[in-house]
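First listed ligand is number 1; within each ligand, the first listed atom is number 1. Worth saying up front: this structure is predicted, and the values here are computed from it rather than measured. All values below come from the heavy atoms of this structure, side chains included, with hydrogens, waters and symmetry mates left out.
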Amino acid sequence: MTETATKSIASNKSEYINQIFAQIAKHYDLLNNLMTMRFHLKWKKDAIDMAIKENKHIFKALDLCTGTGDLALFIHKKVKNAQIICIDNCHQMIDITKKRLDNINSPTFELIKADCENLRFNNSSFDLITIGFGLRNLINREKCLTDSYDFLAPEGVFACIDLGHPVNPLWKSIYGFYFYKIIPLLGFVFARNKEAYTYLADSLSGWYKQDELKEILIKIGFKKVYYKNILGGAVAIHIAVK
Ligand SMILES: C[S@@+](CC[C@H](N)C(=O)[O-])C[C@H]1O[C@@H](n2cnc3c(N)ncnc32)[C@H](O)[C@@H]1O
């Protein structure tokens, strides 16, 4: 395949993903709360706690694929004066997040519409970089990861929370059933959008297994990398220290 054809497929896929998030933005928080019985908030808080344990000196943080800003808000709660830059490329998500962050009325947030695969920050600019349920959606994930490494200051922490691959076969089939059957149904009932929530299940194929992501982070150069499985590996939090 020619380079132009590869680029064109990637750009179509990225537009498709952008459309999916544009369609679900309005119902995003509601569906997350329903799908996880609000546990996603606890998991996100745990991810921030784990990251801050590794680096207590957080002055500047970057939240990639910020969506409605949950991780950014948890960072703010923990480190009141940290400057937090939030990035998302979907303007419908950005609009919702803007209102949410405006309510906090803190000058510490900066919300930028940009592509996380094409970011330009100076090296060593951040003490913490987070990405929640976002890396899986990127076409060029390794670029985002190597960029994150470069953007982090020494001792800086990268924290990723995302879906995982359960190891236990029985749990894996229950998980598959939930993602392929129940979630699209919830999407249809509550957001009138079965396709968008079928994408969520599809996004799992080709997504890194927990050990794979750990190995990639080590290969990139992070000196301490580990992960914590949640719900038998249905969700995983990866922490990587530069
Ligand atoms: C599943 S949501 C996660 C939102 C939030 N981080 C959370 O944990 O709830 C994924 C977000 O990534 C954004 N996104 C997807 N691809 C992106 C890209 N290439 N650049 C920036 N944002 C992207 C989507 O618009 C969406 O808001």
Peer 1: Would I182 end up clustered with I174 when hydrophobic side chains under 4.5 Å apart are linked, directly or stepwise?
Peer 2: yes
Peer 1: Do the side-chain N and O atoms of N168 and Y175 include a donor-acceptor pair separated by under 3.5 angstrom?
Peer 2: no
Peer 1: Would you please test D147 and K143 for salt bridge (Lys or Arg N to Asp or Glu O under 4.0 Å) and show each step?
Peer 2: CA-CA 6 Å; D147 283 351; K143 170 151 191 332; 2.7 Å; yes
Peer 1: Does the distance from a Lys or Arg side-chain N to an Asp or Glu carboxylate O, for D49 and K78, drop under 4.0 Å?
Peer 2: yes
Peer 1: Would you please write out the protein residues whose heavy atoms approach any atom of ligand 1 to under 4.0 angstrom, listed by chain and number?
Peer 2: F21, Y28, N32, K44, C65, T66, G67, D88, N89, C90, M93, A114, D115, C116, E117, G132, F133, N137, L138
Peer 1: I need the L111 CG to R100 CZ distance, nearest 0.5 Å.
Peer 2: 12.0 Å
Peer 1: Hey, can you pull the donor-acceptor pairs under 3.5 Å for the side chains in residues 224-237, sequence neighbours left out?
Peer 2:
from, atom 1, to, atom 2, distance (Å)
K224, NZ, E54, OE1, 3.1
K224, NZ, E54, OE2, 3.0
Y226, OH, E54, OE2, 2.6
Y227, OH, D211, OD1, 3.1
N229, OD1, Q210, NE2, 3.0

